[in-house]
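Let me begin by presenting the structure, written as structure tokens, before commenting on it.
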There are 2 protein chains.
Amino acid sequence: MSHKRKQELDSSAAAPSRRHAMITQRDIAERCGIHQTTVSLALRRDPRISPETTDEILAVAAEMGYDPSVHTPARRLAMHRHGQAVLNHVIAVSMDPTYLHMHYYAAIFQSVVEVLMTKGYAVVLSHLPKTAATPAEVALPTIFHRGDVDGLLYTIDENRFRPVYAHLRETPGFGQRPMISLMWPSDLNSSVMADDRQGAYQAAKHLLDLGHRHLLQFTLRQVKQDQRIQQWRWDGIRQALREARLDPEAHLHFFDVAQEWLDPLWNPLGTPPVAPHPPREAANHPLMRFLRAHPEITAILALNDSSAIQAWYLLNLAGLRVPDDYSIVGFDDVDPMFDDYGHNQLTSVHLPLMRIGRKAAALIIEQVSGGAAERVQLCLPTELIPRASTGPARA
Amino acid sequence: MSHKRKQELDSSAAAPSRRHAMITQRDIAERCGIHQTTVSLALRRDPRISPETTDEILAVAAEMGYDPSVHTPARRLAMHRHGQAVLNHVIAVSMDPTYLHMHYYAAIFQSVVEVLMTKGYAVVLSHLPKTAATPAEVALPTIFHRGDVDGLLYTIDENRFRPVYAHLRETPGFGQRPMISLMWPSDLNSSVMADDRQGAYQAAKHLLDLGHRHLLQFTLRQVKQDQRIQQWRWDGIRQALREARLDPEAHLHFFDVAQEWLDPLWNPLGTPPVAPHPPREAANHPLMRFLRAHPEITAILALNDSSAIQAWYLLNLAGLRVPDDYSIVGFDDVDPMFDDYGHNQLTSVHLPLMRIGRKAAALIIEQVSGGAAERVQLCLPTELIPRASTGPARA
DNA sequence: TTGTAAGCGTTATCAA
DNA sequence: TTGATAACGCTTACAA
């Protein structure tokens with residue numbers, strides 16, 4: 001029997017996936033003169049097998065080079081009957097690969113991957129379809145259908161994720177497995193994110209302490225996107241204003257920026273994503289008009305670092321100086337604005353992206369390996385990093 | 001029979017991996033009043049089954065919602081006997097996750113992922129151990145042992161990859177599956193990379209055309225690393241010099257930089273990776289000493305963009321100007337040096353990283369799906385992008 | 001404490 | 001053209 005199998009294998013040496021010498025539990029059993037079932041139990045340290053037998057079997061298995069992971073298909077097939085699933089040690093991360101050019105996403109992805117890999121999990125990057133099509137026709141990667149994925153981390157706002165969620169839940173290969181939302185609040189799953197309210201509070205307080213009295217908050221009014229985070233930031237700013245005895249209604253101003261301002265200033269895809277403003281048109285830019293119409297404003301709270309730097313460039317082109325004429329605070333602290341000597345000048349709200357990623361990875365491992373699947377919403381603290389883009393308010 | 005199975009399933013509704021209603025070939029056969037074997041053949045469009053029967057079976061299968069990918073373990077187990085392997089549609093990309101902060105690696109990874117995902121392949125990011133330990137004790141992620149990975153793309157130089165290669169080849173779950181080297185030449189596998197020789201030639205020619213006569217090439221003499229690429233760059237520079245009727249021995253100078261200069265200037269891990277030089281010490285930096293000792297040098301060929309920008313900052317600190325005093329050419333064209341208005345100033349050799357990634361992805365798909373596994377070495381052309389960091393040589 | 005038997009869902013061989 | 005049968009290697013229930 002055993003000989004027959006070996007011959008088959010040798011004869012298929014040229015096959016594309018030549019299996020080396022695949023040791024089975026039966027091979028071990030034959031060597032030990034016992035039954036294969038006993039080997040199966042012993043390998044899983046079943047207490048019903050005597051310690052001596054177990055030890056011997058383990059020794060022989062090691063000596064023969066038995067590798068249980070090679071036989072996962074057989075194990076999966078057998079377990080299937082009892083409704084059990086085998087842990088694949090595979091976690092999917094849903095993230096648009098083009099986002100990896102942004103330090104923001106790279107930091108999250110990197111920290112997630114580091115934790116998962118050191119814990120023995122493989123990470124598959126899979127960009128789930130974000131189109132709000134009917135749940136029925138969302139094309140999921142086959143790896144999800146096959147049941148090869150134990151859990152999912154995603155960085156998509158809830159509004160756009162909902163159809164994907166519905167589809168995942170009714171996909172046999174995924175079913176009720178855990179998912180965790182990263183950087184976005186979620187009513188469906190646990191989430192790990194930054195405390196945006198605190199971050200905005202810190203930024204506003206920093207400016208108020210410097211004597212600024214009228215703050216301009218950038219906004220992005222995209223209907224489709226979850227607006228909760230922006231609301232939280234406004235709450236933070238308003239609190240800071242109230243603590244400074246200022247009426248939020250009068251002292252907090254808003255300006256809606258184009259999506260392009262949030263995009264990275266540079267990527268190596270060939271074409272620069274955002275063309276710098278032509279100098280002649282700088283003065284006519286909507287933002288410059290708005291600032292001229294509201295001369296009481298002396299400080300800008302950007303949505304992220306890119307939009308802060310874009311604003312800075314625009315001010316430079318219009319002949320204004322930062323921080324002398326306007327102070328600017330970035331958000332995320334992922335993109336720098338260097339001076340001629342390599343010092344980052346951008347004051348920004350630092351998010352603990354690496355800690356968030358690590359926390360989310362630890363959490364999904366816990367949930368995947370059967371830990372309490374309680375739904376949690378984690379908000380990690382932010383920190384304002386003062387640099388050269390903020391200074392005392394102009395007179 | 002079928003009823004019994006369904007009941008079992010319903011009773012296990014609370015199990016962690018509740019399988020929905022899993023349709024099997026037998027279910028289809030019962031509905032059609034034929035044998036399961038026929039269904040198996042029909043589903044694979046076997047010509048032995050009559051077209052009518054096949055059509056009916058396919059129709060019923062679709063109606064019942066039969067999903068073949070759910071039963072991959074069974075298929076794998078069955079195929080295993082005949083030495084055949086089932087395609088997983090999974091490609092591993094071996095890349096240190098911390099490298100994702102570099103636009104260089106992010107561009108490669110992104111383009112690879114884009115092609116693979118649109119072709120229906122899942123991408124697992126797996127950082128293979130680069131330590132030159134004994135091949136026997138390289139800890140491979142279990143996903144490799146299980147045979148879940150169809151092929152591998154890696155961005156590690158050959159010297160460091162060799163032990164991993166040996167181990168992969170003798171791992172039953174991976175065996176002789178295809179691998180492709182990205183950005184590094186390889187004697188073991190196919191490779192896709194940039195034409196470094198051409199890039200260096202273009203950079204040198206650009207400088208010579210501007211009147212520069214003595215060029216300084218940065219070097220990185222790390223013993224462990226494959227030095228072929230640096231040699232090729234020197235070849236390119238020497239050719240440009242010879243075409244300009246200049247003796248390479250006399251007109252090409254070398255300066256060995258620290259590894260830190262190649263690292264990214266900024267990452268969002270919390271601590272900046274490279275502290276800017278203290279102004280006082282700038283003049284005493286080894287590079288400044290070297291330049292003072294060789295006043296005939298007027299231009300610098302950096303190893304990548306970071307090292308170019310580092311040199312630029314250092315020159316600024318020492319009171320020198322780019323490009324008035326020194327011209328600098330970067331390499332890779334992945335990191336920008338912005339002026340106050342958001343224009344990139346760094347002249348650099350642009351590598352077609354996205355094209356390289358896409359090409360490699362297409363190649364691994366071809367090899368994985370049984371295409372001719374000929375070993376190929378692809379070099380894609382580079383392009384010099386002139387910007388503000390290069391200008392006429394000083395008198 | 002160990003052995004026996006059945007079955008997971010598929011594929012390949014061979015008979016009808 | 002279709003059907004019957006035997007694996008693939010494992011796990012679990014049950015018998016010894």
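First the proteins, then the strands, lettered A, B, ... as listed; each starts at 1. None of these values were measured; they are calculated from a predicted model.
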- Item | salt bridge (charged side-chain N to carboxylate O under 4.0 Å, His left out): pairs with one or both residues in residues 59-72 of chain B, sequence neighbours excluded | B:R31-B:E63
- Using the salt bridge (charged side-chain N to carboxylate O under 4.0 Å, His left out) rule, collect all pairs that involve residues 36-51 of chain B, keeping only residues at least two apart or in two chains. B:D46-B:R48
- Query: Nearest to the side chain of B:T53 - D:dC8, D:dT2, C:dC8?
  - Reply: D:dT2
Side-chain N,O ([X]) to OP1/OP2 ([N]) below 4.0 Å:
| X | N | result |
| --- | --- | --- |
| A:Y66 | D:dC10 | yes |
| B:H35 | D:dA4 | yes |
| A:H71 | D:dC10 | yes |
| B:S50 | D:dT1 | no |
| A:R75 | D:dT11 | yes |
| B:T38 | D:dG3 | yes |

- Note on the structure: Sorted by chain and residue number, the ring-ring contact (aromatic ring centres under 6.0 Å, His included) partners of B:Y165 (sequence neighbours excluded) come out as none
- Sequence neighbours left out, what passes ring-ring contact (aromatic ring centres under 6.0 Å, His included) with A:F109? Give chain and number order. none
Got a list of protein N/O to nucleotides 12-16 of chain D N/O distances below 3.5 Å?
from   : atom 1 : to    : atom 2 : distance (Å)
D:dT12 : OP2    : A:R44 : NH1    : 2.6
D:dT12 : O4'    : A:H82 : NE2    : 3.4

- Message: What is the separation between atom CZ on B:R45 and atom P on D:dT1, rounded to the nearest whole Å?
- Response: 17 Å
- Task: Mind calculating the distance between CD1 (A:I49) and C1' (D:dT11) to the nearest angstrom?
- Result: 13 Å
- Message: Quick check on the helix from C:dT1-D:dA16 to C:dA16-D:dT1: what's the angle between its two end axes, five base pairs per end, to the nearest 10°?
- Response: 40°
- Item | A:R76 and A:D148 ion-paired at < 4.0 Å | yes
